[in-house]
Amino acid sequence: MTHVGYFVRIRKDDIAADVQTHTKQTMVFFLIIFSIIIPLIIYYIFLKKCVDDLLNSVPNEPKCIDSFLSIFGFSITFLKNPSDFIQLLYRKYGKLFTVHLFNRRYVFLYDEETFIKTLIKDPKLTMEFLDELVYKDGFGMDWTKIRKTDIQHEMLKQYHQFLMGNELENLNQSIFDSLLEHIKEDNKKNLQSSVSTVTVNLFDFMSELMFYAGTTTLYGKTFVNEQRINFYQSYLNFNKAFPICLMQIPFKSLFLYSSIKKRDEYIKRFENLKINQDQSRLIQERIELFTSDEYKHLLTKHDIGSFHGILLFAAIVNTVPNACWSLIDILLHPEALYAVKNELNTIDLSRLFERETLNKLQILDSCINETLRRTFMGLTQRQASENVSLTCNDGTIIGLRKNDLLTYPSLIKHLDPQLFPQPYTFQYDRFIKQQEKKTVPSIMIFGCGKRMCPGRYWAINEIKMLVALVLTQMNVELLMDDWYKKKLCERLEYEYTGLLTNGGPKKKYCEQFRIKYSYK
Ligand code: HEM
């Protein structure tokens, strides 16, 4: 046998052996799939809930509405239109019911008195789940270590000190100046390129304007100038990537590589933030807190960047769509536009940022509340930290399992025709309390209790100032088809996908939100 023949024989034998091993490996692989993974999936999808019910149920649990797929529950139906879905369940099952959403048990309780006045104060109902979801799952922080310290309590104290009271006026003035400056810059740019009338998408235009004005107010001009390159795009990327990063899945850094990269690109920008005179007091005090002897060894650069990045996100993400929808509502309703413009004529615009001036704008205030009432997905949640039995004001007893999410759906109230006749239509003066009318029911947009949104006053002021500036400084024409205008007047429609936020226009109707504008 020649050497060549020998090697050919050996190679053939090797290949045959290889094929055999490969076939064996494939069989083992499928065996594992069939014997372990598939039963596991079946268990999770169909049986987990039954086992859970058997082992963990507690007395006086509210009725649980079953779905075919126990792990997913009604997640898909919920995501399509949470407002209609929850209202449907409320009409069918009353004020108290449980549903499975995103592999969690949500106990809905539509009883404002009990929720806001009694249950929210119960120390066994916490927001730990949301903190953990945001900081641990969303940002990959070592939350177990950080939550043992007082840092979160300190940050909450700072929010209440520096987003409200006297500091609020400084924030108002700063964002007013920023908005004006951006508007002037835009006007100059348009004049330089000899275009007097520009066509843009309203949401894109306002979002960028508010992003830069908000960031300049909180983090200062120096920071914004340093970050200018792709900063806004980086924020938009973060917006898309962050909800994906919240997913609790194995091998996350591998499967979600691209989203995590986008998230980190945004938060890296805040990692080396230094105190600067043009920053807001809130940010200066935060930087001091993070670098204090107590916390400087606890927090990594990634933690610091994440805390800053999420604050800016919280400040912008809901303010922008709500400002846009408020403006759209006003532009779509000539009687509202007329009344708001008249009201704006009664104030000194150069003092718009002052408390007294903003308080005078009662019609604009009513318009904004009327928009928020119809757009915000009001769901306030607290998680049971252990099995607990709660008593409602009317004596109903609610048994909650550890980790159940007790949820107050304020959206049911906001769209209740008994409280707000013709609930989907925009009645611009609905919230103007006239002496002869009985007072209008309150709305709950910013949550409640100790963790209620600390930026709520600033948010409303920002929206007021932005809408007032647009209506007084610009000529704006909505380039919307008449049939779509009619549709929106009957009922606003928007994307529901931003779980932690409220949405912009439906993707397929984005084109309807183009505006033509020029400066006066
Ligand atoms: C229209 C605009 C806004 C809406 C609808 C909104 C809504 C909310 C809601 C519902 C919560 C959770 C409250 C709870 O679960 O009880 C929240 C939390 C928060 N919001 Fe806002 N918000 C807005 C604007 C702002 C602004 C302008 C800021 C300014 C920085 C801000 C800062 C925060 C912060 C820091 C938290 C977390 C507080 C904590 O950890 O306890 N928000 N917001």
Side-chain angles (χ1 to χ4, degrees), residues 115-116 119-121 125-135 138 143 146-147 151-164 167-168 170-172 174-175 178 206-207 210-211 213-219 279-283 285-286 306-327 365 368-383 405-411 414 443-467 494 498-504:
F115 194 89
I116 298 181
L119 302 186
I120 202 87
K121 294 174 194 143
L125 298 176
T126 73
M127 280 191 74
E128 188 52 42
F129 76 101
L130 192 64
D131 296 331
E132 200 163 307
L133 183 72
V134 168
Y135 295 121
W143 186 242
I146 297 175
R147 65 178 275 240
I151 194 156
Q152 199 184 17
H153 176 67
E154 296 292 336
M155 288 196 294
L156 289 179
K157 253 181 20 198
Q158 290 186 340
Y159 293 148
H160 291 111
Q161 201 175 347
F162 301 113
L163 287 172
M164 299 179 190
E167 272 309 306
L168 181 61
N170 294 334
L171 291 175
N172 285 345
S174 173
I175 198 146
S178 267
M206 301 264 273
S207 169
M210 286 291 262
F211 172 76
T215 315
T216 309
T217 301
L218 286 173
Y219 288 90
Q279 285 155 346
S280 62
R281 282 279 308 279
L282 174 66
I283 300 306
E285 296 286 331
R286 282 192 129 200
S306 303
F307 278 140
H308 284 304
I310 193 75
L311 174 64
L312 184 62
F313 174 76
I316 307 287
V317 77
N318 285 312
T319 317
V320 168
N322 284 308
C324 292
W325 288 120
S326 299
L327 185 63
D365 200 68
I368 294 168
N369 276 325
E370 180 64 345
T371 302
L372 284 168
R373 178 183 70 78
R374 288 147 52 252
T375 53
F376 199 68
M377 269 315 107
L379 297 174
T380 302
Q381 291 144 5
R382 295 296 181 268
Q383 187 182 39
L405 288 175
L406 184 70
T407 306
Y408 171 68
S410 55
L411 62 90
H414 296 170
I443 53 172
M444 196 171 113
I445 302 296
F446 297 102
C448 57
K450 274 199 265 181
R451 302 290 296 270
M452 186 176 186
C453 172
R456 58 193 180 277
Y457 301 116
W458 190 38
I460 298 290
N461 290 344
E462 282 183 275
I463 299 175
K464 265 189 188 172
M465 285 187 275
L466 182 71
V467 174
Y494 32 82
L499 278 181
L500 296 173
T501 64
N502 78 322

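As a basis for the values below, the full set of heavy atoms in this structure was taken, side chains included, without hydrogen atoms, waters or symmetry mates. Start at 1 and go down the list; that is how both ligands and their atoms are numbered.
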*Asks:* Going by the atom numbers of ligand 1, which of them fall below 4.0 Å from some non-hydrogen atom of Pro454?
*Replies:* 19 (C), 20 (N), 33 (C), 34 (C), 35 (C), 36 (C), 38 (C)

*Asks:* Going by the order shown, which atoms of ligand 1 are within less than 4.0 Å of some heavy atom of Thr319?
*Replies:* 2 (C), 24 (C), 27 (C)

*Asks:* Classify the contact between Ile460 and ligand 1 as side chain, backbone, both or neither, using a heavy-atom distance cut-off of under 4.0 Å.
*Replies:* neither

*Asks:* Under a 4.0 angstrom heavy-atom cut-off, which atoms of ligand 1 come close to Leu156?
*Replies:* 39 (C), 40 (O), 41 (O)

*Asks:* Tell me the closest heavy-atom pair linking Arg373 and His414, and the distance in Å.
*Replies:* NH1-O, 2.7 Å

*Asks:* Identify the two heavy atoms, one from Thr217 and one from Ser280, that lie closest to each other, and give their separation to 0.1 Å.
*Replies:* O-CB, 3.5 Å

*Asks:* May I ask you to identify, for Met444, whether its side chain, its backbone, both or neither come under 4.0 Å of ligand 1 on a heavy-atom basis?
*Replies:* neither

*Asks:* Can you sort out which atoms of ligand 1 are near Ile445, meaning under 4.0 Å from one of its heavy atoms?
*Replies:* 5 (C), 10 (C)

*Asks:* Using a 4.0 Å cut-off to any heavy atom of Arg382, which atoms of ligand 1 qualify?
*Replies:* 15 (O), 16 (O)

*Asks:* Checking Trp325 side chain against Gly504 main chain: does a donor-acceptor pair fall under 3.5 Å?
*Replies:* no

*Asks:* Do Leu312 and Phe211 touch side chain to side chain, with heavy atoms closer than 4.5 Å?
*Replies:* yes

*Asks:* So which atom in Leu163 and which in Leu168 form the shortest heavy-atom distance, rounded to 0.1 Å?
*Replies:* O-CD1, 3.5 Å

*Asks:* Cys448 heavy atoms, cut-off 4.0 Å: which ligand 1 atoms fall inside?
*Replies:* 16 (O)

*Asks:* Without hydrogens or angle criteria, can the side chains of Tyr494 and Arg374 be said to hold a donor-acceptor pair below 3.5 Å?
*Replies:* no

*Asks:* Which part of Asn322 is near ligand 1, with near meaning a heavy atom under 4.0 Å away: side chain, backbone, both or neither?
*Replies:* side chain

*Asks:* Check ligand 1 against Glu462 and write out every atom of the ligand that is under 4.0 Å from a heavy-atom position of the residue.
*Replies:* 27 (C)

*Asks:* Under a plain distance cut-off of 3.5 Å, with no hydrogens placed, do Trp143 and Gln152 share a side-chain donor-acceptor pair?
*Replies:* no

*Asks:* Which pair of non-hydrogen atoms, one from Tyr159 and one from Leu311, has the smallest distance, and what is that distance?
*Replies:* CE2-CD1, 3.7 Å

*Asks:* Heavy atoms only: which of Gln152, Gln158, Arg451, Arg456 is nearest to atom 13 (C) of ligand 1?
*Replies:* Arg451

*Asks:* Closer than 4.0 Å to some heavy atom of Met127 - which atoms of ligand 1 meet that?
*Replies:* 15 (O)

